[in-house]
Amino acid sequence: MEEELSKRELLALKEIHLTGEASDKELVRRFVESDIIADLEVGSFVLTHKGRGLLVRGSPALWEYAA
């Protein structure tokens, strides 16, 4: 997976961050394989350190938290 995320990927990460769930199962599989999210239990996900960094980098409103 590329280090720059598409809008679709950013929206999926935001959904996972806010709800712990994801509606896009294809992206979930790719995110788990790329160590961007961790599968806590069936259908419950959490962003890894790498995933949080990608979300912050792709979301200008969150840049103040990157420091």
Side-chain angles (χ1 to χ4, degrees):
M1 177 168 291
E2 299 175 9
E3 290 300 320
E4 292 298 320
L5 300 178
S6 69
K7 185 172 183 173
R8 174 180 164 221
E9 292 166 328
L10 283 172
L11 289 173
L13 278 184
K14 187 174 182 180
E15 176 186 16
I16 293 166
H17 175 69
L18 294 174
T19 68
E21 300 174 358
S23 54
D24 192 328
K25 302 308 178 199
E26 175 192 345
L27 283 180
V28 165
R29 181 185 55 77
R30 289 179 26 212
F31 286 163
V32 169
E33 290 173 358
S34 298
D35 193 37
I36 293 173
I37 64 171
D39 188 357
L40 298 178
E41 52 188 68
V42 176
S44 181
F45 307 101
V46 65
L47 299 180
T48 63
H49 178 73
K50 180 179 179 181
R52 286 188 303 274
L54 288 169
L55 180 61
V56 168
R57 186 174 36 201
S59 302
L62 298 175
W63 287 353
E64 67 184 72
Y65 301 107

Trainee: Using the side-chain hydrogen bond (donor to acceptor under 3.5 Å, both in side chains) criterion, which residues pair with Thr48? Sequence neighbours excluded.
Mentor: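 So Thr48 forms no side-chain hydrogen bond (donor to acceptor under 3.5 Å, both in side chains) with any residue.
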Trainee: Find out whether Phe45 and Val28 are in side-chain contact, i.e. whether some heavy atom of one side chain is under 4.5 Å from a heavy atom of the other.
Mentor: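 Yes, close enough: below the 4.5 Å cut-off.
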Trainee: Identify, with sequence neighbours excluded, every residue that meets side-chain hydrogen bond (donor to acceptor under 3.5 Å, both in side chains) alongside Asp35.
Mentor: none
Trainee: Atom CD1 of Ile36 and atom CG of Leu5: how far apart are they, to the nearest 0.5 Å?
Mentor: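 Reported value, rounded in 0.5 Å steps: 6.0 Å.
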Trainee: Among Asp39, Leu47, Ile37, find the residue that satisfies the side-chain contact (heavy atoms from CB on, under 4.5 Å) test when tested with Phe31.
Mentor: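 When Asp39, Leu47, Ile37 are each tested with Phe31, the side-chain contact (heavy atoms from CB on, under 4.5 Å) holds only for Ile37.
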Trainee: Hey, any chance Leu13 and Val32 share a hydrophobic cluster, counting ILVMFWY side chains that come within less than 4.5 Å of each other, even indirectly?
Mentor: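 Per the 4.5 Å side-chain linkage, Leu13 and Val32 are co-clustered.
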Trainee: Output the distance between atom CG (Leu27) and atom CG (Leu11), rounded to the nearest 0.5 Å.
Mentor: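 These two atoms lie 10.0 Å from each other.
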Trainee: Can Glu26 and Arg8 be counted as an ion pair, charged N to O under 4.0 angstrom?
Mentor: yes
Trainee: Among all residues two or more places apart in sequence or in another chain, which pass the side-chain hydrogen bond (donor to acceptor under 3.5 Å, both in side chains) test with Glu15?
Mentor: Ser23
Trainee: Rounded to the nearest 0.5 Å, what's the gap from CG on Leu10 to NE2 on His17? Could you check?
Mentor: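 The distance works out to 13.0 Å.
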